Amino acid sequence: MTRVYVSIGSNIEPERNVRSGVAALARRYAPLAVSTVYETDPVGFQGDPFYNLVVAFDTQETPSEVLGSLRGIEDDHGRDRAAPRFSPRSLDLDLLLYGDLVRREPGLHLPRPELTHYAFVLGPLAEIAGGVRHPELGRTFGDLWAAYGAGRAALRRVSMRPLDTVAEFPMPEPDNR
């Protein structure tokens, strides 16, 4: 089994789409570890705020199979693939990490390159995987988040439980130290 981390974002009916997206992931991959949900301003365009979080689960699926599943869930939520990269999203599911795999191929970049650039990804990831090391940088996500700086203020906690039946606390972290 491989531990997988996925970021979730939505700014179109975000509470409904986040709940539904997490439920779809739980149906396929339970149990899930679920971070706090955060509200953040959109990046790269003007629009409604996003709800963002990170989930973790263990799977025997290949990275391509997980990615296909994520795309299917997005499509089921009305994801417009023709929209510009920085635009409103009904549901955005990004494969951040697949164990400690490092891979660069068309359509699949692991670890996801921007995971250390945005507070809305790094903060929730550090919350549920603080002791896990970045496969390329060698630093823990907790350390990377502690060094992140001023952008941390961009995260606003949302008092929402994405799925009441999902354990909304971290599963034991894999020991990759």
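Computed from a predicted structure; not experimentally measured.
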Quick check: closest heavy atoms across [X] and [Y], and the distance to 0.1 Å?
{"X": "Pro111", "Y": "Leu97", "answer": "CB-CD2, 3.4 Å"}
{"X": "Gly99", "Y": "Pro135", "answer": "O-CG, 4.3 Å"}
{"X": "Ala147", "Y": "Arg139", "answer": "CB-NH2, 3.7 Å"}
{"X": "Tyr98", "Y": "Thr62", "answer": "OH-CA, 3.8 Å"}
{"X": "Met1", "Y": "Gln60", "answer": "SD-CG, 3.1 Å"}

Min side-chain heavy-atom separation [X]-[Y] under 4.5 Å:
{"X": "His109", "Y": "Arg103", "value": "no"}
{"X": "Phe50", "Y": "Pro14", "value": "no"}
{"X": "Phe120", "Y": "Ser7", "value": "no"}
{"X": "Glu74", "Y": "Asp92", "value": "yes"}
{"X": "Val4", "Y": "Asp58", "value": "no"}
{"X": "Arg112", "Y": "His117", "value": "no"}
{"X": "Val66", "Y": "Thr59", "value": "yes"}
{"X": "Asn11", "Y": "Tyr51", "value": "no"}

Should Ile8 and Leu25 be marked as a side chain to side chain contact (heavy atoms under 4.5 Å, CB included) after you check the CA-CA gap, both sets of side-chain angles, and the distance that decides it? CA-CA 11 Å; Ile8 301 172; Leu25 288 168; 3.8 Å; yes

Carboxylate-amine/guanidinium contact Arg71 Asp76, below 4.0 Å: no

Charged N to carboxylate O under 4.0 angstrom, Glu13 versus Arg19?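 Arg19 and Glu13: not salt-bridged.
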
Does the side chain to side chain contact (heavy atoms under 4.5 Å, CB included) test come out yes or no for Tyr5 and Leu95, once each step is laid out? CA-CA 6 Å; Tyr5 295 90; Leu95 180 57; over 6 Å; no

Test your reading of the model: is there a side-chain donor-acceptor pair from [X] to the backbone of [Y], 3.5 Å cut-off?
{"X": "Ser90", "Y": "His77", "result": "yes"}
{"X": "Ser35", "Y": "Val54", "result": "yes"}
{"X": "Arg133", "Y": "Gly138", "result": "yes"}

Between atom [atom1] of [X] and atom [atom2] of [Y], what is the distance when rounded to the nearest 0.5 Å?
{"X": "Phe57", "Y": "Leu32", "atom1": "CZ", "atom2": "CG", "value": "7.0 Å"}
{"X": "Leu91", "Y": "Leu93", "atom1": "CG", "atom2": "CG", "value": "4.0 Å"}
{"X": "Asp48", "Y": "Glu39", "atom1": "CG", "atom2": "CD", "value": "9.5 Å"}
{"X": "Glu61", "Y": "Leu67", "atom1": "CD", "atom2": "CG", "value": "11.0 Å"}
{"X": "Arg156", "Y": "Tyr38", "atom1": "CZ", "atom2": "OH", "value": "12.5 Å"}
{"X": "Thr116", "Y": "Trp145", "atom1": "OG1", "atom2": "CH2", "value": "11.5 Å"}

Please determine whether residues Val132 and Tyr118 belong to a single hydrophobic cluster, defined as Ile, Leu, Val, Met, Phe, Trp and Tyr linked transitively by side-chain heavy-atom distances below 4.5 Å.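 Linked, Val132 and Tyr118 end up in one cluster.
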
Shared hydrophobic cluster, Leu137 / Val102 (ILVMFWY, side-chain heavy atoms < 4.5 Å):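 In one cluster with Leu137: Val102, no.
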
Distance-only side-chain donor-acceptor flag, Asp143 / Thr140, under 3.5 Å: yes

Could you tell me if Asn52 and Thr40 have a donor-acceptor pair between their side chains, going purely by distance under 3.5 Å? yes

Walk me through whether Tyr148 and Leu122 qualify under side chain to side chain contact (heavy atoms under 4.5 Å, CB included). CA-CA 9 Å; Tyr148 190 78; Leu122 184 57; 3.7 Å; yes

Worked check of salt bridge (Lys or Arg N to Asp or Glu O under 4.0 Å) between Asp100 and Arg3: CA-CA 9 Å; Asp100 60 1; Arg3 178 69 49 93; over 6 Å; no

Counterpart residues, ring-ring contact (aromatic ring centres under 6.0 Å, His included), relative to Phe141 (two or more places apart): His134

Test Glu127 against Thr36 for side chain to side chain contact (heavy atoms under 4.5 Å, CB included), laying out the working first. CA-CA 8 Å; Glu127 183 181 317; Thr36 301; 2.8 Å; yes

Check Leu110, Leu144, Val121 against Leu115 for a side chain to side chain contact (heavy atoms under 4.5 Å, CB included) and give me the one that passes.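 One option only clears the test, and that one is Val121.
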
